Amino acid sequence: ECFFDECPLSCICARDSGTVTCRDNEDTELPGDIPAWATTLILRGNNISTLPGGAFSSNNGTKLKLTTLSLSHNGIMVIEADAFTGLPRLRLLDLSHNRLVYISDRAFHSLQELRSLYLNDSLLALAVAQLSNALHGDILCNLHRLELSGNRLKTIPISRLDAFNLHTLVLTNNSIENIGKENVSSLYRQKQVRVYLSLNPFRCNCELESFYFWLKNSSQCVDAARLLCAEPDAKKGIPIERLRSEDVDCLNENLEAVSYVFLGIVLALIGIVFLMVLYLNRRGIKRWLNNIRDACRDQMEVYHYRYEQDSDPRLANVAV
Ligand SMILES: *[C@@H]1O[C@H](CO)[C@@H](O)[C@H](O)[C@H]1NC(C)=O
Ligand SMILES: *[C@@H]1O[C@H](CO)[C@@H](O)[C@H](O)[C@H]1NC(C)=O
Ligand SMILES: *[C@@H]1O[C@H](CO)[C@@H](O)[C@H](O)[C@H]1NC(C)=O
Ligand SMILES: *[C@@H]1O[C@H](CO)[C@@H](O)[C@H](O)[C@H]1NC(C)=O
Ligand SMILES: *[C@@H]1O[C@H](CO)[C@@H](O)[C@H](O)[C@H]1NC(C)=O
Ligand SMILES: *[C@@H]1O[C@H](CO)[C@@H](O)[C@H](O)[C@H]1NC(C)=O
């Protein structure tokens, strides 16, 4: 008992606050002798590439009562199944600023009490696909806050929002160009959830429509005023909220295209009818043209005659 009251080598302990901090060691392993009184464990700036199953349950025979576990900036690449078993009271898990390439489907098993999960600046492309399998609602049913900034995400990596009780979802500084109709509907249904989405390269074409109305209609997006268009060039830097509804109206856009096509067809039909009329009446028209020509000729002859008379110098003298 007494042994485990002591602070692990190369860590700093604050018994009053129940905090053990182990920073910037070259260690590649987790310390195996965390004191039993610890409620907050901060391991930061170490070199831990893998979190194996039961990484915190084999603490040399002592059960941990951690409520906060911070593992940021450790170069963690792999989280194996059941990595966090033996931490039934854990409420906050910070895995930010790592280099995750593999997350087991069972990585977060047994974290029923978890309220906050930080995975910002931590997921490499391979791990993004695995994350949605690892984030089960039936395990993380009390998860309130999920931070996923800075992961180059293109979509929300959660298959069913209604499986959680999320209150805050942070998706800033990713690669999200749009949030589709289906996901917008799930957001509407999860009325309690607040979403952060600034610093994403939104594509402001008509496919943004349902997202645009969600921004305008619901107050679920906390940083709505800071969402900017990245595309098309003509709208670059414009806040999405300042777009007009016509700008994102697919019906409008389609109608415009359809109406041009329709106009073309109508003009073509008129042309064809005109040509047919000409063709069917070609005799009549010929006759009519001949008549006109004759009439013109008669007229010209009259003019010609008048002109000759007008230009007769004798007549001109008489007029003067
Ligand atoms: C585990 O505990 C034993 C005493 O019970 C001690 O001798 C040993 O050094 C401890 N191991 C670690 C890794 O702390
Ligand atoms: C981290 O540990 C691995 C071995 O597990 C080693 O190859 C690597 O050089 C270490 N990196 C640093 C920055 O110490
Ligand atoms: C990332 O996570 C850390 C926790 O380690 C938090 O303090 C920080 O605000 C987060 N950064 C962003 C951009 O959300
Ligand atoms: C955005 O995320 C990238 C990693 O994807 C990070 O390097 C960068 O510092 C972040 N930018 C801000 C403003 O947080
Ligand atoms: C988001 O939409 C995709 C399909 O577009 C779907 O697979 C996924 O489950 C949706 N996620 C949420 C949270 O609605
Ligand atoms: C709310 O959204 C609906 C479409 O879902 C839209 O018709 C309506 O105009 C929106 N209201 C506001 C105030 O934007």
Side-chain angles (χ1 to χ4, degrees), residues 44-45 71-77 94-103 105 108 114 117-203 205-215 217-218 220-231 236-237 239-240 248 250:
R44 189 190 155 112
L71 296 169
S72 65
H73 298 277
N74 285 307
I76 300 170
M77 297 197 291
D94 182 357
L95 287 164
S96 67
H97 304 280
N98 283 296
R99 304 178 49 76
L100 294 169
V101 291
Y102 177 75
I103 302 175
D105 288 359
F108 304 117
L114 199 69
L117 178 57
Y118 295 108
L119 281 164
N120 46 352
D121 296 291
S122 217
L123 301 168
L124 301 187
L126 282 172
V128 169
Q130 296 154 5
L131 184 65
S132 65
N133 293 328
L135 292 175
H136 303 284
D138 41 342
I139 300 150
L140 298 170
C141 50
N142 284 308
L143 194 64
H144 278 192
R145 184 181 185 93
L146 178 58
E147 291 219 10
L148 292 167
S149 325
N151 286 317
R152 300 195 175 85
L153 301 176
K154 290 188 166 285
T155 56
I156 303 177
I158 300 174
S159 51
R160 288 186 50 205
L161 269 182
D162 59 355
F164 299 92
N165 189 17
L166 274 187
H167 285 64
T168 306
L169 177 58
V170 184
L171 292 165
T172 54
N173 189 22
N174 276 299
S175 307
I176 298 172
E177 296 180 345
N178 186 12
I179 291 183
K181 212 175 237 164
E182 207 180 310
N183 292 182
V184 167
S185 312
S186 352
L187 287 171
Y188 269 123
R189 282 197 300 274
Q190 296 300 299
K191 290 190 186 65
Q192 81 288 349
V193 72
R194 296 288 170 271
V195 188
Y196 292 79
L197 279 163
S198 55
L199 299 175
N200 277 291
F202 288 100
R203 199 191 181 98
N205 58 14
C206 79
E207 275 155 42
L208 202 72
E209 185 176 30
S210 39
F211 178 66
Y212 169 84
F213 279 116
W214 173 75
L215 274 188
N217 268 350
S218 86
Q220 286 174 277
C221 184
V222 183
D223 53 357
R226 286 187 284 136
L227 310 198
L228 308 178
C229 299
E231 274 185 79
K236 195 168 184 154
I240 295 181
V248 292
C250 278

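Side chains are part of it too, since the values below use all heavy atoms of this structure and drop only hydrogens, waters and symmetry mates. Every number for a ligand or one of its atoms is a count from 1 in the order of the listing. Since the structure is predicted, the reported quantities are computational estimates derived from the model, not experimental observations.
Panel note: side chain Asn74, backbone Gly45; a donor-acceptor pair is recorded below 3.5 Å. Glu147 contributes no side-chain N or O that, together with a main-chain N or O of Asn120, makes up a donor-acceptor pair within less than 3.5 Å. Side chain of Asp94 to backbone of Ser72: no donor-acceptor contact under 3.5 angstrom is found.
Not counting sequence neighbours, Arg226 has no partner by the salt bridge (charged side-chain N to carboxylate O under 4.0 Å, His left out) test.
Ring geometry for His167 versus His144: interplanar angle of 30 to 60°, hence tilted.
Of all the heavy atoms in Gln220 and Trp214, the pair that sits closest is OE1-NE1, 2.9 Å.
Heavy-atom contacts of Asn173 reach the following atoms of ligand 4: 1 (C), 2 (O), 3 (C), 8 (C), 10 (C), 11 (N), 12 (C), 14 (O) (cutoff under 4.0 Å).
At a 4.0 Å heavy-atom cut-off, ligand 4 touches Asp121 through the side chain alone.
For ligand 4, one of its N or O atoms has an N or O atom of Gly150 under 3.5 Å away.
Side-chain N/O atoms of Thr172 and Ser198 include no donor and acceptor closer than 3.5 Å.
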Where does ligand 5 get N/O contacts under 3.5 Å from the protein, atom by atom?
from, atom 1, to, atom 2, distance (Å)
ligand 5, 2 (O), Asn183, OD1, 3.3
ligand 5, 2 (O), Asn183, ND2, 2.2
ligand 5, 9 (O), Ser159, O, 2.7
ligand 5, 11 (N), Ile158, O, 3.2
ligand 5, 11 (N), Asn183, ND2, 2.9
ligand 5, 14 (O), Asn183, ND2, 3.0
ligand 5, 14 (O), Ser186, OG, 2.6

